[in-house]
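Note that this is a predicted model, so its numbers are computed, not measured. Here is how names work: the chains are called A, B, and so on, in the same order as the sequence lines, proteins then strands, and each is numbered from 1.
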Protein chains: 2
Amino acid sequence: MILKKKKIFNDFAASKGLRSTRQRDIILDIFLSTHQHISVEELYLKVKSSNPGIGHATVYRTLKLFAEAGLAREILLHDGQTRYEHVVAGEHHDHLVCTGCNLIIEFEDETIEKLQNEIAARHGFLINSHKMEIYGLCANCRR
Amino acid sequence: MILKKKKIFNDFAASKGLRSTRQRDIILDIFLSTHQHISVEELYLKVKSSNPGIGHATVYRTLKLFAEAGLAREILLHDGQTRYEHVVAGEHHDHLVCTGCNLIIEFEDETIEKLQNEIAARHGFLINSHKMEIYGLCANCRR
DNA sequence: TATAAATTGAAATTGAATATCAAAAGCATG
DNA sequence: CATGCTTTTGATATTCAATTTCAATTTATA
């Protein structure tokens with residue numbers, strides 16, 4: 001699984017004529033070891049703790065590459081930080097976001113995906129990606 | 001319609017103990033006269049052209065009030081600018097965004113809304129709002 | 001190994017958004 | 001309508017994420 005993702009990135013790098021560097025390997029390893037929805041800053045700190053030499057800009061640049069390669073997806077929630085989540089082939093999930101405690105629950109719904117395709121087709125759109133977030137209060141915060 | 005919205009804002013202001021000011025009236029007028037998805041900067045420039053005295057900060061502050069009052073909704077697309085769209089009571093639409101030319105098409109789908117409610121219920125969520133954006137290429141850009 | 005090209009990282013820069021705070025304006029009261 | 005209190009405004013400074021710059025380093029290839 002992780003190996004497969006590394007291969008995806010290597011293939012992407014090769015096809016783009018990118019060079020293989022120690023920094024990108026490290027950042028990829030650490031990104032793959034994280035949970036969902038990590039912000040660039042969070043990942044940067046994680047990287048920095050084991051590899052103090054790696055700079056800010058490199059983490060930003062590298063995450064953009066991961067997104068281009070199809071390994072990661074940028075998500076904008078409402079805290080002013082860009083976050084990245086893992087892309088799992090053939091799977092797309094959306095988010096329930098609790099405005100009380102910032103809990104994020106992922107869900108997947110095939111019917112919604114289908115409807116999206118229909119809507120896009122109706123407007124002549126070729127879908128590349130989508131995102132959906134539902135905001136509200138989770139069971140805990142409702143009390 | 002516009003009058004109704006002004007009333008909504010006035011009622012909101014009254015309930016919050018906010019004062020009625022020339023600036024807020026002007027910004028509301030101009031906001032109501034705009035098309036969908038205006039960025040704060042765009043609105044600021046519009047306001048400034050007829051009322052050079054009105055400041056940056058006031059436009060930001062006032063748009064936040066409109067959102068609180070339920071007249072406007074913040075949307076984050078992918079250009080680093082916060083945009084505001086008009087909220088129409090009882091109606092919610094989502095967006096098809098063309099990554100080629102930045103065309104934005106609105107759509108509404110009741111079935112999706114229903115599914116969202118079911119999903120939320122399944123997780124014990126109380127929905128407050130949601131947003132959905134589908135990214136891809138519009139009919140023109142596909143060619 | 002030498003060369004050319006890509007990559008890195010520190011620092012500077014950008015740009016959106018917010019905070020600060022003195023001056024101005026709104027509002028209630030006498 | 002003058003007074004006094006509070007909110008609001010706007011110029012400016014500040015914050016903070018993200019990007020750009022560019023000299024030094026590293027990688028790939030011959």
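Judged by distance alone, the side chains of H93(A) and E108(A) never bring a donor and an acceptor atom under 3.5 Å apart.
Look at CZ on R83(B): it is 15 Å from C1' on dG15(C), rounded to the nearest Å. At whole-Å resolution of the value, OH in Y84(B) and P in dA17(C) are 8 Å apart. A straight line from CD of E74(B) to P of dA17(C) spans 8 Å, rounded to a whole angstrom. Look at CG on N51(A): it is 13 Å from P on dT8(C), rounded to the nearest Å. The separation between L63(B) atom CG and dA17(C) atom C1' is 12 Å, rounded to whole Å.
One hydrophobic cluster, built from ILVMFWY side chains closer than 4.5 Å, holds both I26(B) and F31(B).
Around the NZ atom of K114(A), the shell of radius 6.0 Å holds no more than 12 heavy atoms that belong to other residues, nucleotides or ligands.
Using bins of under 30°, 30° to 60° and over 60° for the plane-to-plane angle, the ring pair H56(A)/Y44(A) lands in the perpendicular bin.
Position along DNA chain C of the nearest nucleotide to E41(B) versus T58(A) favours T58(A) as the more 5'-ward residue.
Using a 4.0 Å cutoff to heavy atoms of chain B, the contacted part of DNA chain D runs 5' to 3' from dT6(D) to dG10(D).
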### Message
Protein within reach of the bases, or only the backbone? For nucleotides 18-27 of chain C, mark each nucleotide 5' to 3' as B, S or -, using heavy atoms under 4.0 Å.
### Response
BBB----BBS
